Amino acid sequence: MDRIIYLDHAATTYTKPEVLKEMLPYFTEIYGNPSSVHSYGRETRKALDLARERTAKALNADPAEIIFTSGGTEADNLAIIGTATANKKKGNHIITSSIEHPAALHSCQYLEKNGFQVTYLPVDEYGLIDPQDVKEAIKENTILISIMTANNEIGTIQPVREIGAIAKEKGVLFHTDAVQAVGSIPNDVRDMNIDLLTLSAHKSHGPKGVGALYARKGVRLNHISHGGAQERNRRAGTENLPAIVGLGKAIELATQDIEARNEKLRALRDRLISGILSSVEYTRLNGHPTKRLAGNSNFSFEFIEGEALLLSLDMKGIAASSGSACTSGTLDPSHVLLAIGLPHEIAHGSLRLTLGDENTEEEIDYVLEVLPQIVQRLREMSPLFNQDKGGKIYV
Amino acid sequence: MDRIIYLDHAATTYTKPEVLKEMLPYFTEIYGNPSSVHSYGRETRKALDLARERTAKALNADPAEIIFTSGGTEADNLAIIGTATANKKKGNHIITSSIEHPAALHSCQYLEKNGFQVTYLPVDEYGLIDPQDVKEAIKENTILISIMTANNEIGTIQPVREIGAIAKEKGVLFHTDAVQAVGSIPNDVRDMNIDLLTLSAHKSHGPKGVGALYARKGVRLNHISHGGAQERNRRAGTENLPAIVGLGKAIELATQDIEARNEKLRALRDRLISGILSSVEYTRLNGHPTKRLAGNSNFSFEFIEGEALLLSLDMKGIAASSGSACTSGTLDPSHVLLAIGLPHEIAHGSLRLTLGDENTEEEIDYVLEVLPQIVQRLREMSPLFNQDKGGKIYV
Amino acid sequence: MYSEKVMDHFMNPRNVGEIKDADGIGEVGNARCGDIMKVYIKVENDIITDVKFKTFGCGAAIATSSISTELIKGKSIDEALKITNKSVAEALDGLPPVKMHCSMLAEDCIKAAIEDYRKKHLKTEVNTSAKESVE
Amino acid sequence: MYSEKVMDHFMNPRNVGEIKDADGIGEVGNARCGDIMKVYIKVENDIITDVKFKTFGCGAAIATSSISTELIKGKSIDEALKITNKSVAEALDGLPPVKMHCSMLAEDCIKAAIEDYRKKHLKTEVNTSAKESVE
Ligand SMILES: Cc1ncc(COP(=O)(O)O)c(C=O)c1O
Ligand SMILES: Cc1ncc(COP(=O)(O)O)c(C=O)c1O
């Protein structure tokens with residue numbers, strides 16, 4: 001294989017040529033500072049406005065409700081820390097889940113160190129949150145519920161609409177990290193009673209280093225970056241114009257034809273899932289069988305470790321990722337895999353294959369050809385694996 | 001004039017074609033996540049390392065001392081808030097100046113609300129800080145001195161080396177915001193005893209939305225963004241690779257041939273300054289006559305308001321900026337102009353013309369031709385101006 | 001940022017100047033805040049027959065000064081008093097939100113000039129009667 | 001990320017397997033942390049004549065297992081004991097900082113196998129004398 005088969009779309013995606021094309025003039029020709037009075041500045045302000053309109057439209061929001069940030073991480077930080085500190089007179093309790101992205105989880109942990117209380121809701125074996133749990137966790141002093149729309153590792157899609165309805169009924173703010181969901185499932189913030197929503201361009205064929213927070217009009221929000229009065233004083237720093245233009249275009253494209261794209265992705269994904277489950281024993285699919293992102297698959301292969309698997313796949317031209325600790329240099333494997341109940345040793349042997357538009361059936365078939373051999377080779381090296389005893393010698 | 005004469009380089013600059021060229025592959029071809037194990041990720045990690053080396057080299061720093069951020073604002077926030085909170089056991093007093101960029105000033109004000117004490121040192125009529133003042137302001141509990149290398153409005157260059165020596169002698173951390181200085185004056189962090197230094201790519205012909213903080217090895221620094229463990233756990237969020245590549249290249253270019261570039265800029269700037277001062281009465285140059293950035297000029301024209309001036313210049317194809325409040329929609333004019341002792345009404349009538357490589361003598365001469373007429377026209381409309389009485393009827 | 005109409009009134013302001021023997025003069029704003037507007041009116045039979053202004057301020061301040069003088073010229077005092085910052089902004093095809101205070105300036109200044117006219121007018125009458133009684 | 005040498009030892013690990021009648025067996029690490037290494041040695045006249053390993057772990061763990069077995073094969077026990085995590089990493093042309101703990105695994109495991117050998121060896125002697133005294 002000369003070409004690389006890229007199956008790591010949940011990590012990041014390439015910037016689409018038509019997106020890049022819209023960005024290019026803003027590097028070298030229309031480069032003014034949008035805050036400037038002169039015509040160079042005004043041109044860029046127009047582009048900023050257009051990107052804001054496109055982003056708002058994709059979410060059924062109002063342009064004034066869109067705040068551009070440096071990415072999903074900053075948007076999550078702003079949503080959680082910004083609302084918590086702005087609403088602390090109303091209460092100091094936050095509800096989130098145990099499978100959020102670190103950008104949300106660590107924001108909550110930061111708040112815990114600063115006088116807030118956080119409830120981390122458990123999930124079931126598929127990674128699903130029970131809306132009833134959310135409802136029961138709400139207390140007098142609850143000010144914010146932050147639950148991701150879809151999980152970045154196992155792809156499980158949460159009952160966002162139900163949670164939104166509960167939040168509204170109880171008068172609690174509801175934030176959702178939709179970084180993985182945008183372009184994969186429709187996100188209508190009005191219809192779903194979402195008060196704050198995080199997105200990031202580079203997960204949907206936009207550029208890296210730019211994201212957005214939708215914050216419903218009237219939501220009290222403190223800025224978390226200190227400096228100029230950009231973004232109506234909600235986010236300081238010279239606007240990253242080319243990237244913002246790219247985000248606008250990418251989100252516009254990503255939220256078109258979702259169903260057609262998903263159909264294709266789902267077919268490929270299901271081919272991959274059933275192929276792997278039927279050809280590799282001691283393997284499980286992580287995440288929900290149907291309530292999952294169309295492009296996401298996530299497996300655990302017993303007796304082997306994820307990074308070794310990734311390296312082996314890479315040697316065969318397949319780019320993937322893992323929830324193994326050894327990919328990050330820490331010792332604990334993915335908090336998401338632990339939260340759905342996997343024992344550490346099985347969580348370590350996980351593999352995430354996330355598909356995108358450009359993947360083909362041939363590529364999937366190639367993966368199905370090489371993956372079983374790779375798993376077999378690693379198992380043969382593993383002291384945990386004993387063919388004779390049916391493999392199950394670990395505890 | 002069909003072409004626009006761009007004299008707003010301190011606000012932002014275009015991305016140089018050779019910088020953009022290096023960035024392009026990282027949008028569409030080499031787009032992996034640097035944290036990924038596979039070869040796509042490894043390629044991007046290499047590019048990240050190269051950008052880090054280039055940036056470090058430009059400052060005489062070590063690559064491990066460079067933290068990439070989303071811009072100068074975030075780097076200032078990280079430097080000031082990150083060191084203050086990490087060192088608060090040692091003390092809670094910070095020294096800064098009254099003419100810092102809002103990114104630094106507002107970070108200090110945020111800290112003041114959170115239990116820190118801040119001394120805002122005054123400046124003289126040229127915008128200079130007296131190192132003796134810094135020395136005398138240091139108390140038992142002083143943990144940080146943050147003084148910008150060069151001012152973004154009036155271009156005054158501070159005695160950074162002297163301040164660095166004092167900081168070192170007293171064992172206090174020294175941060176400098178060098179956003180405007182990089183590429184204009186050499187910044188050797190070892191030689192000048194700088195512990196932390198902020199830079200931003202878009203001020204030096206690099207892309208917007210990316211900056212860097214140099215933080216000397218051993219400096220205690222809390223991260224201020226919460227999420228992934230990128231940048232050795234000092235800055236969370238997927239690395240903005242194309243922009244970081246662009247920053248590395250831009251900083252490399254900007255720190256080459258500084259003297260040759262400055263010579264040209266200085267000649268143009270001095271032509272502009274002497275031309276304006278000799279042809280427009282009731283006008284003053286703001287900032288230091290010689291200790292100023294080679295490309296910076298800043299004037300106050302009595303009896304008129306800055307935004308009206310900018311609009312008029314814009315109609316003549318000249319892009320400039322002002323320290324007037326009316327460009328920002330607030331009421332108070334630039335805190336920098338007030339700090340150097342200008343009365344409000346004069347500060348309102350200020351104009352900043354900042355030059356770059358591509359400006360020519362012809363452009364300067366054109367400005368010298370149209371500016372006096374514009375000022376005259378606005379003065380004739382102004383109730384403050386009375387030709388007969390020598391103009392001085394305001395109080 | 002600005003509408004074409006604003007730019008037109010900024011670049012070609014109508015009624016700039018002073019009226020030496022004005023019947024009413026209004027001055028509002030202050031140099032500290034970056035805008036001062038001064039309006040001079042001539043009034044005959046309750047009709048504003050002439051109006052001039054001088055303004056220190058931003059583009060929007062100059063444009064609103066210009067349009068507001070146009071709006072009241074030839075109008076009766078009562079009609080002129082109906083001017084509001086909204087009508088001024090509308091006449092300019094809108095103003096950016098951060099500039100709405102400039103249209104306030106125009107409204108206030110026109111009203112100040114009329115008040116001054118009325119005061120003087122009244123004063124003249126009072127003075128006249130005072131004079132009469134003294135003589 | 002990894003040197004060519006690491007990748008070579010990862011893709012073509014030397015001495016993979018088990019020795020049924022090993023003289024010493026070492027096992028370190030645990031599945032919780034994501035790496036377990038098991039080393040089997042045959043010893044004759046104080047010389048390690050054969051060595052095999054099985055490893056559950058990342059690329060670096062497998063490569064360090066492989067190289068460390070190569071490093072001790074044919075060596076005397078004393079020489080083998082001189083192995084350190086540094087020498088293992090150097091033999092692989094270096095390891096990324098976050099992976100240095102993997103080279104610890106190899107060092108510890110080799111030492112554990114030798115200790116096991118010595119214990120058994122000693123035990124055998126003790127047992128022998130015990131047997132003798134019983135008989
Ligand atoms: C669910 C989720 N939230 C937040 C982020 C952070 O986004 P970014 O990398 O743009 O900072 C990511 C991706 O890294 C993600 O998958
Ligand atoms: C001195 C100074 N510091 C900080 C900044 C902020 O940098 P950025 O726009 O990259 O956030 C600027 C420019 O806006 C500046 O001139």
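Residue numbering restarts at 1 for every chain, and letters A, B, ... go by the order of the sequence lines. Note that the structure is a prediction, hence the values are computed from the model and not measured.
- Of the listed residues (A:S107, A:A104, A:G71), the one with the most heavy-atom contacts under 4.5 Å to chain B is A:S107.
- Between chain A and the residues B:H202, B:E74, B:H101, the most heavy-atom pairs under 4.5 angstrom are made by B:H202.
- At a 4.5 Å heavy-atom cutoff, the contact between B:T13 and chain A is made by backbone atoms alone.
- Of the listed residues A:Y110, A:Y26, A:Y6, the one with more heavy-atom pairs under 4.5 angstrom with chain B than any other is A:Y6.
- Counting heavy-atom pairs closer than 4.5 Å to chain B, the top-ranked of the candidates A:P17, A:P102, A:G211 is A:P102.
- Looking only at atom types and distance, the side chain of A:S70 has a donor-acceptor partner in the side chain of B:R235 under 3.5 Å away.
- With a 4.5 angstrom heavy-atom cutoff, B:H205 does not touch chain A via any of its atoms.
- Put simply, the side chain of A:H106 never gets that close to the backbone of B:H226: no donor and acceptor are under 3.5 Å apart.
- Only the side chain of B:I81 comes within less than 4.5 Å of a heavy atom of chain A; its backbone N, CA, C and O stay farther away.
- Within the 4.5 angstrom heavy-atom criterion, only backbone atoms of A:E239 (N, CA, C, O) approach chain B.
- In this structure, A:I224 and B:N77 have side chains that are not in contact, with every pair of non-hydrogen atoms separated by 4.5 Å or more.
- A side-chain contact (heavy atoms from CB on, under 4.5 Å) with A:H38 holds for exactly one of B:L310, B:D8, B:L7, B:I4; it is B:D8.
- Neither the backbone nor the side chain of B:M315 comes within contact range of chain A; no heavy atoms are under 4.5 Å apart.
- Side-chain contact, B:S39 with A:D314: a donor N or O sits under 3.5 Å from an acceptor N or O.
- The shortest side-chain heavy-atom distance between B:T12 and A:L241 does not fall under the 4.5 Å cut-off.
- Neither the backbone nor the side chain of B:Q109 comes within less than 4.5 Å of any heavy atom in chain A.
- Remark: side-chain polar atoms of B:K208 are paired, donor with acceptor, to backbone N or O of A:Y31 under 3.5 angstrom.
- With contacts defined as side-chain heavy-atom distances shorter than 4.5 Å, the pair A:L311/B:V37 qualifies.
- With chain B as the partner, the residue from A:A320, A:G41, A:P207 showing the most heavy-atom pairs under 4.5 Å is A:A320.
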*Yes or no on side-chain contact (heavy atoms from CB on, under 4.5 Å) for B:L24 and A:L24, after CA distance, side-chain angles and deciding distance?*
CA-CA 10 Å; B:L24 286 180; A:L24 286 180; 3.7 Å; yes
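- Contact annotation for B:A236: both backbone and side-chain heavy atoms come within less than 4.5 Å of a heavy atom of chain A.
- Using a 4.5 Å cut-off between heavy atoms, A:S36 contacts chain B through its side chain alone, with no backbone atom that close.
- Both the backbone and the side chain of B:A319 come within contact range of chain A, judged by heavy atoms closer than 4.5 Å.
- Not counting sequence neighbours, A:D177 has no partner by the salt bridge (Lys or Arg N to Asp or Glu O under 4.0 Å) test.
- When all heavy atoms of B:T28 and A:T15 are compared, the pair lying nearest together is CG2-O, 3.1 Å.
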